[in-house]
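These values consider heavy atoms only, across backbone and side chains, with no hydrogens, waters or symmetry-generated copies.
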Protein chains: 2
Amino acid sequence: MSGKLSRETLVPLLAAHVLEHGLNHASLRPLAKAAGTSDRMLIYHFGSKDGLVAALLEYLAEMFAAALDTAFPAGRVASRRDCIEQVLAITAQPAFQPFFRLWWDIVAGCAAGNRAYLDAAGAIMDLLLGWIEAHLPADDPDPAAAARLVLTQIEGAQMLQAVGRGDIPQAGLSALQS
Amino acid sequence: MSGKLSRETLVPLLAAHVLEHGLNHASLRPLAKAAGTSDRMLIYHFGSKDGLVAALLEYLAEMFAAALDTAFPAGRVASRRDCIEQVLAITAQPAFQPFFRLWWDIVAGCAAGNRAYLDAAGAIMDLLLGWIEAHLPADDPDPAAAARLVLTQIEGAQMLQAVGRGDIPQAGLSALQS
DNA sequence: AGCTTTATGTAGCAGGCGCTACAATAGCCT
DNA sequence: AGGCTATTGTAGCGCCTGCTACATAAAGCT
């Protein structure tokens, strides 16, 4: 076929397929076809399906972090509410939708007790918390608590968005102190 | 083998199994065994697996509403923050855990575009929003917005709880006006 | 009584699943 | 050149999936 397909060249192709078709329902043969290989080769390179998923989660977390850094303005934001609104505005872009489809798969896996998913999801939340802390106004009376409040609000908004009730968090923002 | 198993007698048994083992990965034969019948009978009574899932979602939504009404104090609550804390305290009880495992399955289905899941999840959120509106302090300056803020905060907290970061929303509460 | 509708069991189909066995190739090291 | 190791292909195993065919029994209804 197209020459050498190593672990490293495979992962981005697999990740693209997973972003488009979901993670929980992804099975070896369609994945292999999407990457131009066989299920046999995926097992060979990653040992097992669990190994493949672990590699994918790691890669996708890096991808998400990179997308975050490039999509957001570098400076600090005017207020807590401003922070929430900016994050929601940018993650509402179509380019982020596949990430969220994947994200809710991962959360469901966490709730079902999947350890690998728990580790990956927790790390991503920590990352996001750090990003928010770095972008909130410097004069906030309690920056640590504010960042946690903002993160919770953002995640709640994204869940409600996912179930078609994005208007609820939007209307709730006016009840939040600046 | 215990005589007549109608649609109505089947649904609670199936719901119990789904609450324990998840909805997305539930398949006909284990479900049938849990309900003391065969996959053939499930198809007969519900037409297809989709029909079965629809019936289960409807039943489980009613079940959740009932659990909500019995578990919560009837009166109003002292403050927005109080409302969040009380809801989180009660839904953190072990008895509610199976509901949440199911819930995140449903949210993942919504994000994947499943219409039946979207309808059920949206209805449940509307229900919860109504409950919050009825329990918030009567003297809130903007009750509608406050209820939406509180709901968003609660749902964000529950997602973070699901991925093992329950400490984040907890610490964020102190940044919320009373 | 006869007949139609409803309910239930047994067997099986076609296909997808993760994974393995075995053999062959390809490329490097000496 | 010869051998060793890393890689790749083909076939298939055993299991599970939703669902169907067909026969059977029970339960009204006339």
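- In this structure, B:Ile90 and B:Ala71 approach most closely via the heavy-atom pair CD1-O, 3.3 Å.
- B:His25 has no side-chain polar atom (N or O) that falls below the 4.0 Å cut-off from OP1 or OP2 of D:dT17.
- Proximity of a side-chain donor or acceptor of A:Arg80 to a complementary backbone N or O of A:Leu176 within less than 3.5 Å is not detected.
- For A:Arg29 and C:dG16, a side-chain-to-base donor-acceptor distance below 3.5 Å is absent, hydrogens and geometry of angles not being considered.
- Residues B:Leu160 and A:Thr152 come closest through the heavy atom pair CD1-OG1, 3.7 Å.
- If you measure from atom CD1 of B:Ile43 to atom C1' of C:dA7, you get 15 Å, rounded to the nearest angstrom.
- Minimum atom distance to the side chain of A:Pro30 is reached by C:dC17, of the listed C:dC17, C:dC19, D:dC19.
- The main-chain N or O of B:Pro169 is never found under 3.5 Å from a side-chain atom of A:Arg148 such that the two would form a donor-acceptor pair.
- Note: CZ (A:Phe46) to C1' (C:dT20) measures 19 Å, nearest angstrom.
- For B:Met41, the side-chain atoms get nearest to C:dT8 when compared with the rest of D:dG9, C:dC17, C:dT8.
- For the pair B:Tyr44 OH and D:dA23 C1', the interatomic distance rounds to 15 Å; values are reported in whole Å.
- Look at CG on A:Leu42: it is 12 Å from C1' on D:dT8, rounded to the nearest Å.
- Taking atom CZ of A:Arg7 as the reference point, atom C1' of D:dT8 lies 17 Å away to the nearest angstrom.
- As rounded to whole Å, 12 Å separates atom P of D:dG18 from atom CG of B:Asn24.
- B:His45 has its NE2 atom 17 Å from the P atom of D:dG18, to the nearest Å.
- Each of A:Arg40 and A:Leu28 has a nearest nucleotide on DNA chain C; the 5'-most of these lies closest to A:Leu28.
- A donor-acceptor contact under 3.5 Å is not formed by the side chain of A:Asp39 with the base of C:dC17.
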